[in-house]
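Reckoned from all heavy atoms, side chains included, excluding hydrogens, waters and symmetry mates. Here the structure is a predicted model, which is why all the values come from computation and not from measurement.
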Amino acid sequence: METRTLKNNADNTTSLRKYDFDGIDATFVNDFDQYRQECYDEILSMPKEKNINLWAWKNDKANAEFAILCAENNLDNVKIKVSDMKSESDTLSSSNIKCSFIKDVKAYTGHAGWYANNPFNKMPKGERKYYPEVIYSDGPVTINANKFQLVWVEINTSKTASAGVYRGSIEICADNIQKSVTLDCSVEILDIEMPDCENYKFDVEYWSHPYNVAYYYGVQPFSQEHLNILKQHMTLYKSLGGHAVTASIVEDAWGGQTYAKNSKIHYPSMIKWIKTADGDWKFDYTHFDKWITLNKEIGIADKIICYSLMPWKNVVRYYDESKNKLKKIKVNTANKTKYEQVWKPFLQDFIRHLDEKDWFDSAYIGFDERHNMQTALDLINDVKNKDGKTLKISAAFNDFKHNSAIFDRLNYASVGLDQIRNNLKDFKEQVSLRRNNEQETTMYTATEHVPNSFTKSIPVESYWTILFAGSINATGFLRWAYDAWVEEPLKESTHWSFPAGDCFLVYPTNKDEQPQSKLSLRLAKLDEGVRDVNKLYLMRESCLQLAEDIQQLFDSIKGGEENNYEFYTMSKTNIWGRKAKWLTENGKENMLKDMQNVKTKLYLISKSYCDIKNK
């Protein structure tokens, strides 16, 4: 055992760190929890977990996480080698097992503010910390002395795998040390098949920002180079259960709150508005068509959510050919005549274009937390396509209890976590009614909600979020956003308007590498929750004998009230900021325990399902 004296520069004190290993070691850790570098002593004090037992369905994933521990000397060129996993009758190839080094990202620890009160996009002042965020690479890394490196394990099971327990090993070594460390891993593959992602009964909608992808990688929006990057980017989205794609039909539909380097328009319109010299409107669909075509080829975009007939600032920007310059007009639903003069020509031309492309049945007009929607909805209802149909309507809409006249008109609606909590019984009734009417109803989380999926949030909060949505029988989950990156997201996830990490769930690669979108730990846990809710929904529908057990599992998921899990409120640190809500250590511990119990119950229900099916 080695003892290392460490100096704390903050208060000039010293402490003793004891290593019970020589140079290198490794241990499995709880992948629901969060381990920052300052937690190293906590990891060292825990029993070393050298083996782990996982389970999965066929066509599924099993996840785990381990920490590579470094003593007083750097570890150079650390590599990981995984073996095949073998059962009594079959082999799971090592190619199905991926170990990825997790990258830390710096983040502001409070609530950045609200863009309306921060018009110059000032970054918040205050404490930053590093958090494990990006499931980045399987390439070798250097681990600095007295540090640890987290590694994410993903085991993919095929549809054709034989049921049984598979065992294998993970070997960790470094160039400058002779010894290696081995961890043992087993996965029990149950005799049940997960549906393919496109057939999920509970799906996700993560709003996307393809222009930001172009800005980050320095390519021309919707050039062939951009489309090549977007293909892998949106294929990843599909694998998570994503169907709906975000399309902008007006500049800055959300009031300019997203990042855009050196551009006054933060989220451009995919459809360019042009007023001709004779005063007529015409529209350029070039970017829109490339975006939708790409996603249709990938096998998604069965919902094209078009934002919006009610942009946040009620502004429509267009190019005036007679004046040869960009102009804008303010169009509010309060002035019905003016509103229809601007928006009706667009709708007529847009619907004609959708008919030509055979995309009409996929298209929705989207609204984001808007009030006074009656005029807009009436206009949508007034403009019909070649078959006499009107466009479908999607909205993040919270006034479902007191404004049912609008809510009932939404084909696809999402309600925020806090509004659901305040009206839980009514929401569940609405979900049931809307399911009977073939209307979808999802849940979303936003900046003021706790628990959540920010950089600072621990991973179990993301898993809980999806399980809670499943417990209220929602048809899916919505989140802003998939990829609204800040300038250098791999260095810092802080945003001027929102809690760090709020605006993106995936990360890019470094700009000098081949572009490939990377999951955050938060998104990996959202994905695990999505797969688990789909398991429960599938078994509930196909096996009435287990319906009561499944309902008991859902009933055990706390969260109907904000304080079900203890949290604290952090006062704002900037004049334009808002207070931030974070789980306390007690709240985290309780959630970790509860969600581990949920996983155990799900495993037992799955085993029962296998027994019933086989009989």
Check: Could Lys392 and Tyr364 be counted as a cation-pi pair, given that NZ or CZ must be under 6.0 Å from the ring centre and within 45° of the axis?
Finding: yes
Note to self: How about NZ on Lys58, more than 12 heavy atoms from neighbouring residues, nucleotides or ligands closer than 6.0 Å, or not?
What the structure shows: yes
Next item on the list: Not counting sequence neighbours, which residues clear ring pair (Phe, Tyr, Trp, His ring centres under 6.0 Å) with Phe468? List them please.
Entry: Trp464
Check: Between Thr258 and His266, do the side chains contain an N or O donor and an N or O acceptor separated by less than 3.5 Å?
Finding: no
Next item on the list: Report the residue from Ile466, Leu523, Leu526 that forms a side-chain contact (heavy atoms from CB on, under 4.5 Å) with Ser453.
Entry: Leu526
Check: Is there a donor-acceptor contact under 3.5 Å from the side chain of Glu461 to the main chain of Ile458?
Finding: yes
Next item on the list: Could you label the plane-to-plane angle of the Trp207 and Trp480 rings as parallel, tilted or perpendicular, counting under 30° as parallel and over 60° as perpendicular?
Entry: perpendicular
Next item on the list: Kindly assign one of parallel, tilted or perpendicular to the pair Trp254 and Tyr267, based on the angle between their ring planes and the thresholds 30° and 60°.
Entry: perpendicular
Notebook entry, point to check: Within 45 degrees of the axis of the six-membered ring of Tyr136 and under 6.0 Å from its centre: does Lys518 put its NZ or CZ there?
Noted result: yes
Check: Ion pair present between Glu133 and Arg522, side-chain N to carboxylate O less than 4.0 angstrom?
Finding: yes
Item checked: For the student: nearest non-hydrogen atoms of Ala112 and Phe498, plus distance -> CB-O, 3.3 Å
Next item on the list: Carefully, step by step, assess Lys535 and Asp60 under the rule salt bridge (Lys or Arg N to Asp or Glu O under 4.0 Å).
Entry: CA-CA 10 Å; Lys535 291 167 186 168; Asp60 191 12; 2.8 Å; yes
Check: Any chance the side chains of Glu562 and Asn564 put a donor and an acceptor closer than 3.5 Å?
Finding: no
Margin query: Checking salt bridge (charged side-chain N to carboxylate O under 4.0 Å, His left out) between Lys525 and each of Asp33, Asp532, Asp31, which is the one that passes?
Written below: Asp31
Next item on the list: Kindly write out the residues that satisfy ring pair (Phe, Tyr, Trp, His ring centres under 6.0 Å) with Tyr206, not counting sequence neighbours, or none if the list is empty.
Entry: none
Next item on the list: Answer with yes or no whether the side chains of Asp483 and Tyr216 bring together a donor and an acceptor at under 3.5 Å.
Entry: no
Margin query: Is the ring pair Phe454/Trp582 parallel, tilted or perpendicular, if the boundaries are 30 and 60 degrees?
Written below: perpendicular
Check: Parallel, tilted or perpendicular for Tyr482 and His233, by the 30°/60° rule?
Finding: tilted
